[in-house]
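Structure first, commentary second.
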Number of protein chains: 2
Amino acid sequence: MKQKKVISDAVIERLPLYYRDLLLLQDAGIDIISSEKLGERLGITPEQIRKDLTCFGAFGKKGVGYYVGELCQQIVEIIGLQQHWKVGIAGIGHLGWALANYKTFGRLGFRTTGLFDVDHRIIGQNVGGVIVTPISEMDNVIRKEGIQIGIITTPASVAQQVADQMVNAGIKGILSFAPLRLNVPDHIFVFREDLSIGLSRISYYLTNKPEE
Amino acid sequence: MKQKKVISDAVIERLPLYYRDLLLLQDAGIDIISSEKLGERLGITPEQIRKDLTCFGAFGKKGVGYYVGELCQQIVEIIGLQQHWKVGIAGIGHLGWALANYKTFGRLGFRTTGLFDVDHRIIGQNVGGVIVTPISEMDNVIRKEGIQIGIITTPASVAQQVADQMVNAGIKGILSFAPLRLNVPDHIFVFREDLSIGLSRISYYLTNKPEE
DNA sequence: ATTATATTGTTCAACCATTCACAATTATTA
DNA sequence: TAATAATTGTGAATGGTTGAACAATATAAT
Ligand SMILES: NC(=O)c1ccc[n+]([C@@H]2O[C@H](COP(=O)([O-])OP(=O)(O)OC[C@H]3O[C@@H](n4cnc5c(N)ncnc54)[C@H](O)[C@@H]3O)[C@@H](O)[C@H]2O)c1
Ligand SMILES: NC(=O)c1ccc[n+]([C@@H]2O[C@H](COP(=O)([O-])OP(=O)(O)OC[C@H]3O[C@@H](n4cnc5c(N)ncnc54)[C@H](O)[C@@H]3O)[C@@H](O)[C@H]2O)c1
């Protein structure tokens, strides 16, 4: 892998899109794809795709295209999906429960091996194949299982506290759905997913329609 | 409102963040906030905030800051949240069920007034205060209720078909969680939310840690 | 009334990302 | 084998976003 220059976030966000579509192509038995065709499927320009990929090396064959299987493997290595990350989810309410049951995370290489909550009504239940553990046990489970990534789907009011617990237990990265900024040490990578931005954007565009 | 030049997506994505934090400030009884303090709370530079806001007008007071209540109202109007958009959700499975139960959408001005599914086990149930209707009835309900925004949380395999139905019924904007590109007429605004990008980004950054 | 302090709105410069154009390379056909 | 068609990788041009600096303005202090 090249990896000389710094890679922009925009590139990193597109890689999973390429990867998922390549998996579909692979399932469909398609061996070779051009940036043109891939771009058409995804709504991304072929130049963009080629430039993104050349950040990491020259994976295509001129005059031919990209070998689907090979490119898949390359992207897996770029993103680091071959590691089979272990994931823990704190807050098994509406959203946590949905995520715990989402099988596609598994196909991408993320194994959910810990579910945590404070509510006695949910503790002990089997959700998507994993038993919900008391949040007070989270520290132990994270260490014992070697969980590296934490997902926070608790109410915002306790999200910081839960993040602190995760960091103390040795978590390396956090995906948070709570609508606030988490304060964590520099070496922890936090990504915030904000599900209300999508609706707000739709509202904006419907309100301020381009005059066609 | 100014609205002369074109506003970039980046700006539109930050407005909801400002808005939600301003609501919190308002709840806390804080009347005036500077771009400096707001930026600190959100992890955004003060210059960025000022520049974003001046896309739409001059809402602050030099030497003082921004009046929280007034700015809230301005952002509401910019995003178009005063309209109380009506929302319908198709596919009341794991994720759809979570979204149907999410109260914060209401506070932002989105009212969920239609829930649709094909599964007889869920049809007829009350989810977050709304009865789940057969998808075959979606067209009628959308027209009768005047639903303008559709959320798609069905399996990917039927998402296009559901989107077509929504468009035919007169929906103006779609928020889709299905991992594929939807084909819709130009005048329909589609926003795709991809929940696997977050985890993939974390994987990338943990794998390719900056050498600190 | 004057000075000092705080903070916005705006201009300009720096940076980053995308698009364009094309040389380089591979496969295919005559 | 030579010519043709397809398609990648890349350097240059364009367009867009962010950052730094500062004039303009409001308040508070003297
Ligand atoms: N539901 C959605 O569709 C949605 C959408 C966007 C954002 N969110 C955000 O995701 C988070 C969860 O939302 P939700 O709708 O699932 O809420 P929820 O109330 O259904 O679930 C929260 C869960 O967290 C648990 N919890 C509370 N305190 C805890 C603690 N200290 N440790 C561990 N678990 C604890 C609760 O017992 C509950 O099971 C919130 O921050 C919300 O703002 C949710
Ligand atoms: N669960 C998650 O956390 C998660 C995360 C990311 C993306 N997604 C995406 O969201 C979508 C839903 O995921 P899920 O986990 O909730 O799946 P799910 O299987 O739990 O729910 C899907 C629901 O759609 C209904 N459905 C099927 N065909 C339908 C039709 N023609 N019309 C109306 N409803 C129909 C099903 O009866 C079911 O209730 C999928 O596309 C998935 O890829 C889910």
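Each chain gets a letter, A, B and so on, in the order the sequences are listed, and its residues count up from 1. Everything quoted here is computed from the prediction, not taken from an experiment.
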Original post:
Just to confirm, is there a sub-4.0 Å distance from OP1 or OP2 of D/dG9 to any side-chain nitrogen or oxygen of A/Tyr66?
Top reply: yes
Original post:
At under 4.0 Å, does any side-chain N or O of A/Gln48 touch on OP1 or OP2 of C/dT19?
Top reply: yes
Original post:
Do A/Arg192 and B/Leu17 have side-chain heavy atoms sitting under 4.5 Å apart?
Top reply: yes
**OP:** Could you state the atom-to-atom distance from CD1 of A/Ile12 to C1' of C/dC16 in whole Å?
**Re:** 15 Å
**OP:** Please state how far atom CZ in A/Phe59 lies from atom C1' in D/dT7, giving the value in whole angstrom units.
**Re:** 17 Å
Subject >> d(CG, A/Leu15; P, C/dA17) in whole Å >> reply: 13 Å
**OP:** Using only heavy-atom distances, decide whether a donor-acceptor pair under 3.5 angstrom links the side-chain of A/Lys51 to the base of C/dT19.
**Re:** yes
**OP:** With the side chain counted from C-beta on, respond yes when A/Asp117 and A/Ile135 share a heavy-atom pair under 4.5 Å apart, and no when they do not.
**Re:** no
Subject >> Between C/dG9 (C1') and B/Asp52 (CG): distance, integer Å >> reply: 13 Å
**OP:** Kindly assign one of parallel, tilted or perpendicular to the pair A/Phe105 and A/Phe110, based on the angle between their ring planes and the thresholds 30° and 60°.
**Re:** perpendicular
**OP:** Let me know the distance between CD1 of B/Ile49 and C1' of C/dT7, rounded to the nearest Å.
**Re:** 13 Å
Original post:
What orientation do A/Phe56 and B/Tyr204 show, parallel under 30°, tilted 30 to 60°, or perpendicular over 60°?
Top reply: perpendicular
Original post:
Start at the 5' end of DNA chain C and walk down; is the nucleotide closest to A/Val64 or to A/Ala10 reached first?
Top reply: A/Ala10
Original post:
Phosphate oxygens OP1/OP2 of C/dG9: is one of them under 4.0 Å from a side-chain N or O of B/Arg50?
Top reply: no
**OP:** Check whether any side-chain nitrogen or oxygen of B/Arg14 sits under 4.0 Å from OP1 or OP2 of D/dT17, and answer yes or no.
**Re:** no
Subject >> Between D/dT8 (C1') and A/Leu53 (CG): distance, integer Å >> reply: 11 Å
Original post:
Atom NZ of A/Lys61 and atom C1' of C/dA24: how far apart are they, to the nearest Å?
Top reply: 15 Å
Subject >> Rounded distance in Å - CD (B/Glu47) to C1' (C/dT11) >> reply: 14 Å
Original post:
Does OP1 or OP2 of D/dT17 have a side-chain N or O of B/Ser8 closer than 4.0 Å?
Top reply: yes
Subject >> Side chain to side chain, B/Ile151 and B/Leu99, heavy atoms closer than 4.5 Å >> reply: yes
